[in-house]
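Remember, it's 1-based here, ligands and their atoms both numbered in the order they're listed.
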Amino acid sequence: MSMLQVKDLWVDIEDKTVLKGINLEIPYGETHILFGKNGSGKSTLLMTIMGFARYRVRQGTIYFQGRDITHAPTSERARLGLGLAFQRPPTIRGVKTADILRACAGDRVSYQALAAAYDFTPFLEREINYGFSGGEIKRSELLQLLAQDPALVMLDEPESGVDMENLQVVGEIIGKLLQKDRRRPRREKSGLIITHTGFILDYVNADTGYIMMDGRLLCSGNPREILDHIKKFGYVECEKCGR
Ligand code: ADP
Ligand code: MG
């Protein structure tokens, strides 16, 4: 049994078919990386696995730890152990960062201690993401995930818009989320991470990478080799190859 298994997944947004037959399996303790051009469907895949209503599953099945969650509500998926950090998290006026961190943490951990460990205490009383810098938004998002402590960690471009100063912290939190310090089988967490820069590869033990192209997953292989290839040739060669 795997942490996540996606079988022949077809997804529509409004009347556009965005995902066209995705197959993906992530074993326990493994982290998989998604590369691909803008608009190829990467965020759609993560949002669909998390169960947001806008993403309509037309065909296919999503299994989490052997259980069919294809039509489960998002709240149930979060309780079961799926977690997602958004590419562009919303600003929420009137709700304090402390409130969402407390909700994520439940009685698992002290959210104040978490915030203190990552220099985030000054942000607790501020409204969620209101006036935050790009790096602060990503740190807040990742701290929420740390508080939630999901078994499957999904990250949508966690390094985008993050300055050098915050990059290090972002990398450290991601390493912690994915139990980078442990080896399998002691490492239980699995990851599915979208990245453009590959910066994240220094902070996680990534096992497999893919290129998303026009709603299909191509070219499964060593993530560093795939990244080198993209840097050298762009996605043009992938379009020709189509493997
Ligand atoms: P990526 O994350 O790879 O950049 P997305 O999954 O965000 O790609 O988008 C895939 C495709 O779905 C794009 O063509 C995008 O325009 C379209 N799309 C995403 N969200 C919506 C939406 N809310 N309404 C209509 N089309 C959308
Ligand atoms: Mg995206």
Engineer: Can you confirm, on distance only, whether ligand 1 has an N/O atom lying under 3.5 Å from any N/O atom belonging to Ser43?
Structural biologist: yes
Engineer: Return yes or no for this condition: an N or O of Gly41 is under 3.5 Å from an N or O of ligand 1.
Structural biologist: yes
Engineer: Looking at the Mg ion (ligand 2), is there an N, O or S atom belonging to Asn38 that lies under 2.8 Å away from it?
Structural biologist: no
Engineer: Can you sort out which atoms of ligand 1 are near Asn38, meaning under 4.0 Å from one of its heavy atoms?
Structural biologist: 4 (O)
Engineer: Output yes when the distance from some N or O of ligand 1 to some N or O of Gln87 is under 3.5 Å, and no in every other case.
Structural biologist: no
Engineer: Can you tell me the protein heavy atom closest to atom 21 (C) of ligand 1 and the distance?
Structural biologist: Ile13 CG2, 3.7 Å
Engineer: Nearest to atom 5 (P) of ligand 1 by heavy atom, Asp156, Val11, Thr44: which?
Structural biologist: Thr44
Engineer: Classify the contact between Met47 and ligand 1 as side chain, backbone, both or neither, using a heavy-atom distance cut-off of under 4.0 Å.
Structural biologist: neither
Engineer: Is the gap between the ring centers of Tyr55 and Phe52 under 6.0 Å?
Structural biologist: no
Engineer: Okay, side chain of Arg224, backbone of Leu201: is any donor-acceptor separation there less than 3.5 Å?
Structural biologist: yes
Engineer: Any N or O of Lys16 that comes nearer than 3.5 Å to an N or O of ligand 1?
Structural biologist: yes
Engineer: Flag Gly39 as yes when one of its N or O atoms lies below 3.5 Å from any N or O atom of ligand 1, and as no otherwise.
Structural biologist: yes
Engineer: Near Lys37, which atoms of ligand 1 are under 4.0 Å from a heavy atom of that residue?
Structural biologist: 3 (O)
Engineer: Give a yes or no answer on whether the side chain of Glu141 reaches the backbone of Phe86 with a donor-acceptor pair at less than 3.5 Å.
Structural biologist: yes
Engineer: As an exercise, state the distance from CD of Gln65 to CG of Leu82, rounded to the nearest 0.5 Å.
Structural biologist: 8.0 Å
Engineer: Strictly under 2.8 Å, is any N, O or S atom of Ser43 next to the Mg ion (ligand 2)?
Structural biologist: yes
